[in-house]
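These notes are about the structure you will find just below.
In this text, all values refer to a predicted model and were calculated from it rather than measured experimentally.
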Amino acid sequence: MASEATTLTVPGPDGDREVRISSPSRVLWPDLGITKGDLAHYLVDVGDAFVRANGDRPISLQRFPGGIDGEQFFSKNPPKGAPDYVRSVTVTYPSARSHPQLVVDEPAVAVWAAQMNTVVFHPWASRAGDSDHPDQLRIDLDPQPGTDFSDAVPAAVELRAVLAEVGLTAWIKTSGNRGLHVFVPIRPEHEFLDVRHAVIAAARELERRMPDRVTTAWWKEERGQRIFVDFNQANRDRTMAGAYSPRALPNAAVSTPLRWEELDGADPTAFTVLTVPERLRTTGDPWEAMHAEPGSIAPLLGWWERDLENGLGELPFPPDFPKMPGEPPRVQPSRAKKS
């Protein structure tokens, strides 16, 4: 029987690439009937904006061989059989182990990753040429049970004001689910731990201003019905879905950059694999000029030192991290009290 494989022409900086797509009719999003071929075409349509946001960075691939309702796994090693235009870069993980990770340099690489059943793309906060020093400060505003996207909006607006006070320009995107991601372009002058501390300093200041609506509590039992500022997303090898990356959700949502004036009243469910290409064509890319004027996290590190002097120390790290200096016990508070 003849193969249903097709070849997609993908424009790029070095001319057109021909990318083979096997099983283009395989359904990835069952509720909408969106196929692997549809995903490949989506990545062509948003290619320039996708590469601008996620390119030249180590990237982890969240792959779904049987669609979003089936088996999934994260691929940090570049998949086997990569074309000659696909490169990798060696990065160091929190365990001190080093390994190569894929880098997206042009739209054809993203389309080829889709051919390898990638649905969600998770870029690092640092560039491939200097993976130890982030050039983005990222803050994840995560609605907890009893809250939703509309509760994250005022937190994001106030966070923008907090960051502006220290000379940093915030950019906003939907997470693709219920939350919001705030990105800040920064000069790559500091290691991940320093950037984490800068995030914690900003998060604590936001929490002080909105104590009933925002929390930095790592343990879920202490968060209540508030927006959690997930500071641990700032750690080395901790990533979130990239801008213009699809999400493995029934509605084929896309993590979508917004202009700040669009935020109030925005509907995150409206930004999908089916709708975002036309949005880009008609309104342009809100993040196109993001890295034109990167800022310094030095003032936030000054806030971190101030908080240390006032008795606010390190916060817990993820459970798979080595024990870190100054870190509090990794035990749920309710269990700690019992022991």
Side-chain angles (χ1 to χ4, degrees), residues 92-96 122 124-126 132-134 136-145 147 151-152 155-156 158-160 162-163 165-166 168 170 175 179-184 186 189-240 296-339:
T92 302
Y93 300 128
S95 64
H122 299 263
W124 277 41
S126 55
D132 292 331
H133 298 92
Q136 290 176 341
L137 180 149
R138 301 172 172 181
I139 301 179
D140 181 10
L141 299 175
D142 183 12
Q144 298 303 291
T147 64
D151 297 297
E158 186 62 30
L159 177 58
R160 181 191 189 194
V162 168
L163 294 166
E165 289 179 18
V166 289
L168 295 175
S175 69
L180 284 165
H181 295 162
V182 175
F183 278 39
V184 178
I186 59 175
E189 301 170 333
H190 297 272
E191 213 270 342
F192 278 90
L193 186 61
D194 286 336
V195 176
R196 167 194 160 89
H197 289 160
V199 167
I200 291 174
R204 281 174 166 159
E205 182 61 27
L206 179 63
E207 185 179 34
R208 278 189 281 266
R209 298 182 187 192
M210 306 180 75
D212 297 328
R213 306 179 76 174
V214 169
T215 180
T216 60
W218 174 246
W219 302 104
K220 291 182 179 180
E221 65 184 29
E222 296 184 324
R223 293 176 189 171
Q225 294 185 7
R226 292 178 287 181
I227 301 299
F228 171 51
V229 186
D230 191 352
F231 52 87
N232 270 329
Q233 293 287 20
N235 287 320
R236 178 186 292 271
D237 192 34
R238 279 300 184 274
T239 57
M240 54 186 76
S296 169
I297 65 170
L300 286 180
L301 293 178
W303 286 8
W304 165 259
E305 293 296 333
R306 174 203 64 194
D307 287 345
L308 284 179
E309 292 174 2
N310 291 331
L312 295 175
E314 187 60 271
L315 292 175
F317 283 77
D320 59 322
F321 269 56
K323 185 68 176 178
M324 300 297 287
E327 182 185 2
R330 291 186 193 176
V331 57
Q332 197 170 323
S334 57
R335 292 183 179 178
K337 291 173 184 176
K338 291 178 182 177
S339 62

Listed by chain and number, what are the side chain to side chain contact (heavy atoms under 4.5 Å, CB included) partners of [X], not counting sequence neighbours?
X	value
Pro145	none
Asp142	Asp140, Gln144, Phe228
His122	Ser60, Gln62, Phe74, Val120, Thr239
Ala217	Thr215, Glu222, Arg223

Approximate separation, where rounding is to 0.5 Å, of Asn310 CG and Arg204 CZ
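The CG atom of Asn310 sits 10.5 Å away from the CZ atom of Arg204.
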When rounded to the nearest 0.5 angstrom, what distance separates CZ in Arg226 from OG1 in Thr216?
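Those atoms lie 8.5 Å apart.
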Please report the closest heavy-atom contact between [X] and [Y], naming both atoms and the distance.
X	Y	answer
Gln136	Ile186	N-CG1, 3.7 Å
Val214	Glu207	O-CG, 3.6 Å
Val195	Pro134	CG2-CG, 3.9 Å
Val229	Ala203	CG1-CB, 3.5 Å
Trp303	Ala201	CB-CB, 3.9 Å
Pro143	Ile227	CA-CD1, 3.6 Å

Which is it for Met240 and Phe183 under the side chain to side chain contact (heavy atoms under 4.5 Å, CB included) test, yes or no, and what are the steps along the way?
CA-CA 11 Å; Met240 54 186 76; Phe183 278 39; 3.7 Å; yes
Could you check if a side-chain atom of [X] sits within less than 4.5 angstrom of a side-chain atom of [Y], using non-hydrogen atoms only?
X	Y	answer
Asp237	Pro94	yes
Glu189	Ser296	yes
Glu314	Ile200	yes
Leu301	His190	yes
Ser175	His181	yes
Pro316	Trp219	yes
Leu163	Val182	yes
Met324	Asn235	no

Set out, in order, the CA-CA distance, both residues' side-chain angles and the distance that settles side chain to side chain contact (heavy atoms under 4.5 Å, CB included) for His197 and Leu193, then state yes or no.
CA-CA 6 Å; His197 289 160; Leu193 186 61; 3.7 Å; yes
From CA spacing to verdict: side chain to side chain contact (heavy atoms under 4.5 Å, CB included), Leu206, Ile139:
CA-CA 12 Å; Leu206 179 63; Ile139 301 179; over 6 Å; no
Run the salt bridge (Lys or Arg N to Asp or Glu O under 4.0 Å) test on Arg306 and Glu205 for me, step by step, so that the C-alpha distance in whole Å, both residues' side-chain angles and the decisive distance to 0.1 Å come before the verdict.
CA-CA 11 Å; Arg306 174 203 64 194; Glu205 182 61 27; 3.8 Å; yes
Quick one, Leu300 with Leu137, criterion side chain to side chain contact (heavy atoms under 4.5 Å, CB included). Give me CA distance, side-chain angles, the key distance, then yes/no.
CA-CA 11 Å; Leu300 286 180; Leu137 180 149; 4.0 Å; yes
Return the orientation label for the Phe192 and Trp124 ring planes: parallel under 30°, perpendicular over 60°, tilted otherwise.
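Phe192 vs Trp124 ring planes: perpendicular.
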So is Arg238 actually on top of Phe321's ring, under 6.0 Å and inside 45° of the axis?
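Ring-cation test returns no.
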Is there any salt bridge (charged side-chain N to carboxylate O under 4.0 Å, His left out) pair reaching into residues 211-220, and which pairs are they, with sequence neighbours excluded?
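Listed once each, the pairs would be none.
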Does a salt bridge link Arg196 with Glu327, judged by any charged N lying under 4.0 Å from a carboxylate O?
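So Arg196 does not pair with Glu327 through a salt bridge.
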The criterion is side chain to side chain donor-acceptor pair (under 3.5 Å); which residues satisfy it with Asp132, sequence neighbours excluded?
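Here the qualifying residues are Arg236.
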When you measure from the side chain of Glu221 to the backbone of Ser334, do you find a donor-acceptor pair of N or O atoms at a distance under 3.5 Å?
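Answer holds: yes.
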